[in-house]
Colleague: 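One structure coming up, written as structure tokens, with questions to follow.
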Amino acid sequence: MKFSEFANYLEKLEATSSRLTLIEILSELFKKTPASEIEKIVYLTQGRIAPFFAPIEIGMAEKTVASSIANAFDSSKEEVIKLYEKLGDMGKAAEQLSARGPARRFPPASAPASLASRRTQSALSGSPSSSVTPRSSISVSEVFEILTQIANTSGEGTVEKRQTLLSNLLSKLDPASAKHLVRVPLGNTRLEIGDPTILDALATAKLGDKSKRKLLEGAYNRT
């Protein structure tokens, strides 16, 4: 599944406070999710990349995330922080800055000449590079893999390495995707979706009725 499609569902989830509606939206999402990505989708919906008992934390500070956003979207950390203080949500700050388009970098040497020319013209005209290369092709699995890399980064230069990984990832995402992605390393999805809601949605999607949730609870409790 494309991360942009997943982000569209997160937008719907964010827009409602009704638990029944949350279950309906999640159920629709789970029906469309391939088996290879259902685990990743469930974790990301709850703003994490592993179960609570696993000692895996992304743990990025607000200032580090702000620097990543600034690098991704031709801004400054000060501007990002100022926008964050105004909006009260780092995700929305990322969304607004992302709408400008990613930082204008030269394409790799191996890029076709026509592509390089179009990107150069886009940069000179001030139009977002997303008009040339859509920022909606990256998959949920790719995003999950990079978030896992960020979490597993350690040693000298950890902050800078994490910052670079997040910045490069953000530059590949559309505004709505950037908003929801930024909230994950900060540990605040603003969705407030707990395990019971996930189980109800899985029961609805896979067993046809949320009343059959107890059939899933045995496996959940064992694992």
Side-chain angles (χ1 to χ4, degrees), residues 1-11 14 33 36-37 39-50 56-77 79-81 83-84 89-108 110-111 119 128-155 157-191:
M1 177 181 287
K2 302 301 181 186
F3 193 83
S4 57
E5 183 179 0
F6 174 51
N8 286 336
Y9 278 98
L10 296 181
E11 290 282 272
E14 186 179 12
T33 303
S36 61
E37 290 185 327
E39 180 182 25
K40 300 176 179 67
I41 290 286
V42 167
Y43 287 146
L44 290 174
T45 299
Q46 295 185 300
R48 48 197 173 104
I49 57 172
I56 301 176
E57 295 286 344
I58 298 179
M60 293 182 71
E62 290 178 349
K63 289 185 178 180
T64 303
V65 173
S67 293
S68 296
I69 295 171
N71 291 339
F73 305 122
D74 272 343
S75 183
S76 67
K77 184 171 74 172
E79 181 184 9
V80 176
I81 291 175
L83 190 56
Y84 166 53
D89 180 357
M90 191 71 80
K92 289 184 178 180
E95 181 180 36
Q96 287 196 15
L97 293 171
S98 175
R100 303 177 180 177
R104 299 179 186 118
R105 301 184 178 96
F106 288 107
S110 59
R119 287 182 177 176
S129 58
S130 59
S131 63
V132 175
T133 304
R135 291 183 288 154
S136 58
S137 60
I138 191 167
S139 69
V140 168
S141 293
E142 290 172 303
V143 170
F144 194 90
E145 180 181 351
I146 294 171
L147 288 174
T148 303
Q149 286 181 34
I150 292 173
N152 290 331
T153 298
S154 61
T158 293
V159 173
E160 291 76 13
K161 291 175 183 176
R162 288 181 171 184
Q163 182 178 303
T164 298
L165 284 167
L166 181 59
S167 177
N168 289 340
L169 178 56
L170 283 169
S171 69
K172 299 174 184 177
L173 300 175
D174 60 278
S177 296
K179 176 178 76 171
H180 292 286
L181 174 71
V182 158
R183 293 172 175 173
V184 176
L186 292 174
N188 183 12
T189 65
R190 293 178 173 253
L191 300 178

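Sequence positions, counted from 1, serve as the residue numbers for this chain.
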Colleague: For the side chain of S171 and the backbone of A72, is there at least one donor-acceptor N/O pair under 3.5 Å apart?
Modeller: no
Colleague: Among L173, L10, I146, L44, find the one that has a side chain to side chain contact (heavy atoms under 4.5 Å, CB included) with L181.
Modeller: L173
Colleague: Please confirm whether the backbone N or O of L186 pairs with a side-chain atom of E62, one donor and one acceptor, at under 3.5 Å?
Modeller: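 No; zero donor-acceptor contacts below 3.5 Å.
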Colleague: Any chance CD of E57 has more than 12 other-residue heavy atoms, nucleotides or ligands included, within less than 6.0 Å?
Modeller: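 Incorrect, the count does not exceed 12.
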Colleague: Can you tell me how far the CG atom of L83 sits from the CG atom of D89, to the nearest 0.5 Å?
Modeller: 10.0 Å
Colleague: Can you check whether M1's main-chain N or O pairs, donor with acceptor, with E37's side chain at less than 3.5 Å?
Modeller: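 Here the side-chain-to-backbone pair exists.
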Colleague: Does the ring center of F3 lie less than 6.0 Å from the ring center of F6?
Modeller: yes
Colleague: Could you check if a side-chain atom of V80 sits within less than 4.5 angstrom of a side-chain atom of K77, using non-hydrogen atoms only?
Modeller: no
Colleague: So for atom NZ, which belongs to K40, do other residues, nucleotides or ligands contribute more than 12 heavy atoms lying within a distance under 6.0 Å?
Modeller: yes
Colleague: If you round to the nearest 0.5 Å, how far is CD1 of I150 from CZ of R162?
Modeller: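 The CZ atom of R162 sits 8.0 Å away from the CD1 atom of I150.
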Colleague: Can you check whether S137's main-chain N or O pairs, donor with acceptor, with K2's side chain at less than 3.5 Å?
Modeller: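 Confirmed, K2 side chain pairs with S137 backbone.
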Colleague: Would you indicate whether the side-chain heavy atoms of H180 and E11 approach each other to under 4.5 Å?
Modeller: yes
Colleague: Quick check: closest heavy atoms across A94 and F73, and the distance to 0.1 Å?
Modeller: O-CE1, 4.0 Å
Colleague: Taking side chain as C-beta onward, heavy atoms only, is I69 less than 4.5 Å from L170?
Modeller: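 Touching, per the 4.5 Å side-chain cut-off.
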Colleague: How many angstroms lie between atom CG of L165 and atom CD1 of I58, to the nearest 0.5 angstrom?
Modeller: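 One gets 11.0 Å once the value is rounded to the nearest 0.5 Å.
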Colleague: Any side-chain heavy-atom pair from E14 and K179 closer than 4.5 angstrom?
Modeller: yes
Colleague: For A7 and S177, work out which heavy atoms get closest and say how close.
Modeller: CB-OG, 3.5 Å
